[in-house]
Amino acid sequence: LFKLFKIHLLSKGVPADHIIEFVEHGNDYDVVTLSRPKWSEGFWDTFTQTTVFENIVAALFAVYLAGVAIRLFSFVRGLMKTVRLKSRSRKARSIGDVDVYDTDVNTVAFSFFGSIFLGSKSRGLSDAEMDIVVRHEMQHVAGRHSVDTLVFGLYSVLQWWNPMAGLAARYSRIVCENIADSQAVDDGSLTEYSRLVLGLGIKNRDESSASARPARRKSPLVDRIAQLLNTDSVNVRRIRFYSALPVLAVAIAAYIAY
């Protein structure tokens, strides 16, 4: 069958719309030619070659760069405010290599790499509750959760137009909080800790409801309390995580292919 398609290479050549395969045969070459249908360009193929399409792409890219610049400015500004907060606040104490600062920020507490900042909402807590809050923030420092914040912050800058970027950053923060919660109650004080988390969450919700209309989405407090009361072992959670990796791989592959 192969020989039926073989023709000798003529000096006049072959048409340009043919696919040619050279097969060495002795001292000469045999040529196999197969007809190739010409591609008929449609509207989209023609439109992508026009100046109008190029201008649209250039305008969209300019809008994207402007959005990146605005989000990057806001991101860097927030980082600088956190860094300057150390010099403007009073250092209350040190726990090993971690410094604890008293601030006027309207929150209970937060951490940034090797520093813990206690906000104005922590001033009404008892010594036992303050120790729980500090122990929780120490877990953030030990787990280097500030790196997660920076990574997802930069990701949100580059993907400012993508609502899934903000959702991923939110769930990453919930995961970090769940990790810190679970490690902060390793000494068996689950009831005391969950009561404190619930009390602070209700207080923040009431203050938000008084100042603005409450959000419709479920509060992260529900997820935190549910995770605190979750009796699954670490191995079970690890199995669930590894089982989800193939789904994530398929989703990423589908996105790249698309």
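Considering only heavy atoms from C-beta on, His140 stays 4.5 Å or farther from Ser146 through its side chain. Side-chain contact between Thr82 and Phe113 is absent, with no heavy-atom pair separated by less than 4.5 Å. Side-chain contact between Val134 and Arg93: present, with at least one pair of heavy atoms (C-beta onward) separated by less than 4.5 Å. At least one side-chain heavy atom of Phe47 sits less than 4.5 Å from a side-chain heavy atom of Ile56. No side-chain heavy atom of Leu125 sits under 4.5 Å from any side-chain heavy atom of Ile132.
Across all non-hydrogen atoms, the minimal contact from Gly114 to Val141 is CA-CG1, 4.2 Å.
In terms of hydrophobic clustering, with Ile, Leu, Val, Met, Phe, Trp and Tyr side chains grouped at heavy-atom distances under 4.5 Å, Tyr171 and Val157 are assigned to different clusters.
Annotation: side-chain hydrogen bond (donor to acceptor under 3.5 Å, both in side chains) contacts of Thr50 (sequence neighbours excluded): none. Every residue was checked against the ring-ring contact (aromatic ring centres under 6.0 Å, His included) condition with Phe112, not counting sequence neighbours, and none meets it. Take Arg173 and apply the salt bridge (Lys or Arg N to Asp or Glu O under 4.0 Å) test, not counting sequence neighbours, and it matches Glu177. Partners of Arg123 according to the salt bridge (Lys or Arg N to Asp or Glu O under 4.0 Å) rule, which considers only residues two or more places apart in sequence or in another chain, are Asp104. Residues meeting the ring-ring contact (aromatic ring centres under 6.0 Å, His included) test with Phe73, sequence neighbours left out: none. Residues forming a side-chain hydrogen bond (donor to acceptor under 3.5 Å, both in side chains) with Asp131 (at least two apart in sequence, or on another chain): none. Remark: Phe152 pairs with no residue by the ring-ring contact (aromatic ring centres under 6.0 Å, His included) rule, at least two apart or across chains. With sequence neighbours excluded, the residues that form a salt bridge (Lys or Arg N to Asp or Glu O under 4.0 Å) with Arg90 are Asp102. The side-chain hydrogen bond (donor to acceptor under 3.5 Å, both in side chains) test applied to Asp148 returns no partner, not counting sequence neighbours.
In this structure, Phe117 and Tyr101 have parallel ring planes: the angle between them is below the 30° cut-off, well short of the 60° mark.
Applying the side-chain hydrogen bond (donor to acceptor under 3.5 Å, both in side chains) test to every pair with at least one member in residues 60-78, sequence neighbours left out, gives no pairs at all. Among residues at least two apart or in separate chains, side-chain hydrogen bond (donor to acceptor under 3.5 Å, both in side chains) pairs with a member in residues 153-167 are Gln159-Asn162.
More than 12 heavy atoms of other residues, nucleotides or ligands shown are found within 6.0 angstrom of CG on Asn55.
Judged purely by distance below 3.5 Å, without hydrogens or angles, the side chains of Ser115 and Asp99 never pair a donor atom with an acceptor atom.
Here Val175 sits in one hydrophobic cluster together with Ile179; the rule is ILVMFWY side chains under 4.5 Å apart, joined directly or through other members.
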